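Only a predicted model underlies this, so the values are computations on that prediction, with no experimental measurement involved.
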Amino acid sequence: MNRSVVARPMRGLIALAMLAVLFILGPLIGLLTRVDWSGLPSALASSDVLTALRLSMECSLLALGLSVLIGVPLAYALARLALPGRRVARALVLLPMILPPVVGGIALQTVFSRSAPVGAFLHDAFGVTLPFTTAGAALAEAFVAFPFLVITVEAGLRQRDDRYEEVAATLGAGPWRRFWRITIPLMAPSLAAGSALCWARALGEFGATITFAGSFPGTTQTLPLAAYSSFEGAGQVGRAITLSFILLAISVAVLVGLRDRWLIAPR
């Protein structure tokens, strides 16, 4: 067989693959070339950047905590329990990933605003107001980010054999003891990977946050919102690039820290 005939279409595929890489790499290179490296330390140390960074860390960690609290039980139920409606539940979990974030923010408003039943109850009974607050920003981030945790943990549990839990049950271990002593260690790698992805997604959330919590410096203006606000403001493009560089560096660090073996099934 003529090898050149076989290789000819592959060259076209390789060219398209290289184009795809450039499609991703080009804007990133453009961003890096616009960073003022000499003034970067002073820009990072400015009070407004530090405030946005502190708020982003606070909201994203709160979002991660809420996601772990409700996401791990859901992932366990989807992976281990033969519950009715499991496929519907899995589809609902994936919905925030494909739903426009702005729609998610509007949906949160319809539930948690003070004119809505749930929001009115929280305000009247506990004095809690979520829209346009730091807690509201964390809630919006959790709404968008927690599916990344659930699907990663569920996939990790499905790859692990449940015979260890069955053996523990035959030895007299109760459900909670099996969960803490067997299931949690088995899901630890996928839980770590899912938590990292969830946190990174929460850190970069924009649409749902600005719709549900607004963009108030020191209260709800996280790094993405501060970058957008700076980009809109005259003469603040440099600050927007600095904030974007911080988010890019964090995203790259998460991907490097995850390493591929945490994201794909073992061979």
For Ala116 and Gln109, the nearest pair of non-hydrogen atoms, with its separation, is CB-O, 4.5 Å
Side chain Thr211, main chain Ala208, donor-acceptor under 3.5 Å
no
From CA spacing to verdict: side chain to side chain contact (heavy atoms under 4.5 Å, CB included), Thr134, Cys59
CA-CA 7 Å; Thr134 302; Cys59 291; 3.7 Å; yes
I'd like to know whether Val150 forms a side chain to side chain contact (heavy atoms under 4.5 Å, CB included) with Arg90, so could you lay out the CA-CA distance, the side-chain angles of the two residues, the decisive distance to 0.1 Å, and finally the verdict.
CA-CA 9 Å; Val150 175; Arg90 186 179 291 112; over 6 Å; no
Interatomic spacing from CG in Leu157 to OG1 in Thr183 - rounded to 0.5 Å
7.0 Å
Arg239 and Ala226: which non-hydrogen atoms are nearest, and at how many Å?
NH1-O, 3.7 Å
Pairwise side-chain contact, Leu203 with Ser56, heavy-atom cut-off 4.5 Å (strictly under)
yes
Residues Leu191 and Val153: closest non-hydrogen pair is CA-CG2, 3.8 Å
Considering only NZ, NE, NH1 and NH2 on the basic side and carboxylate oxygens on the acidic side, decide whether Glu141 and Arg201 come within less than 4.0 Å.
no
Which distance, rounded to the nearest 0.5 Å, do you find between the CG of Leu74 and the CG of Leu69?
12.0 Å
hydrophobic_cluster_shared for Leu32 and Val49, side chain cutoff 4.5 Å:
yes
Other residues, nucleotides and ligands only: do more than 12 of their heavy atoms fall within 6.0 Å of CH2 on Trp176?
no
For residues Ile210 and Val102: do they belong to one hydrophobic cluster (side chain heavy atoms under 4.5 Å, members Ile, Leu, Val, Met, Phe, Trp, Tyr)?
no
Heavy-atom count check: over 12 atoms from other residues, nucleotides or ligands less than 6.0 Å from Phe216 CZ?
yes
Between Ser229 (side chain only) and Leu225 (backbone N and O only), is there a donor and an acceptor less than 3.5 Å apart?
no
Is Arg86 reaching over with its side chain to a backbone N or O of Leu81, donor-acceptor style, under 3.5 angstrom?
yes
Is there a path from Phe245 to Val256 through hydrophobic residues (I, L, V, M, F, W, Y) whose side chains come within less than 4.5 Å of each other?
yes
Closest non-hydrogen atom pair between Thr220 and Gly214, with its separation:
OG1-O, 3.0 Å
Closest non-hydrogen atoms of Ala135 and Leu130, given as atom of the first, atom of the second and distance, are CB-CD2, 3.9 Å
Apply the test side chain to side chain contact (heavy atoms under 4.5 Å, CB included) to residues Val35 and Thr242: give CA-CA distance (whole Å), side-chain angles for both, the deciding distance (0.1 Å), then the verdict.
CA-CA 7 Å; Val35 175; Thr242 299; 5.7 Å; no
Can you confirm whether Asp36 sits close enough to Leu40 that some side-chain heavy atom of one is under 4.5 Å from a side-chain heavy atom of the other?
no
Verify, without hydrogens or angle tests, whether Ser60 (side chain) and Met57 (backbone) share a donor-acceptor contact under 3.5 angstrom.
yes
Do Leu44 and Ser46 come within less than 4.5 Å of each other through their side chains, counting heavy atoms only?
no
Distance col, row Leu66:CG vs Leu62:CG, nearest 0.5 angstrom, shows 9.0 Å
Approximate separation, where rounding is to 0.5 Å, of Thr222 OG1 and Leu53 CG:
10.5 Å
Side-chain contact test, heavy atoms from C-beta onward, threshold under 4.5 Å: evaluate it for Met97 versus Val144 and give yes or no.
no
Report yes if the side chains of Thr219 and Leu55 come closer than 4.5 Å at any heavy-atom pair, otherwise no.
no
Between Trp199 and Phe148, is the ring pair (Phe, Tyr, Trp, His ring centres under 6.0 Å) condition met? List the steps.
CA-CA 9 Å; Trp199 173 75; Phe148 290 86; over 10 Å; no
Do Ser195 and Leu64 have side-chain heavy atoms sitting under 4.5 Å apart?
yes
Give a yes or no on whether the ring-centroid distance for Phe212 and Phe132 is below 6.0 angstrom.
no
Rounded distance [0.5 Å steps], OG in Ser244 versus OH in Tyr228:
13.0 Å
Any chance you could lay out the side chain to side chain contact (heavy atoms under 4.5 Å, CB included) test for Val128 and His123, step after step, and finish with the verdict?
CA-CA 5 Å; Val128 174; His123 180 267; over 6 Å; no
Is Leu197 close to Leu149 at the side-chain level, that is, under 4.5 Å between some pair of heavy atoms?
no
Taking all non-hydrogen atoms of both residues into account, name the closest pair between Gln221 and Ser215 and its distance.
NE2-OG, 3.2 Å
Path from Ile184 to Leu78 over hydrophobic side-chain contacts below 4.5 Å
yes
If hydrophobic clusters are built by linking Ile, Leu, Val, Met, Phe, Trp and Tyr wherever their side-chain heavy atoms come under 4.5 Å apart, do Leu50 and Ile250 end up in the same one?
no
Quick check for you: to the nearest 0.5 Å, what is the distance between Phe179 atom CZ and Met187 atom CE?
4.5 Å
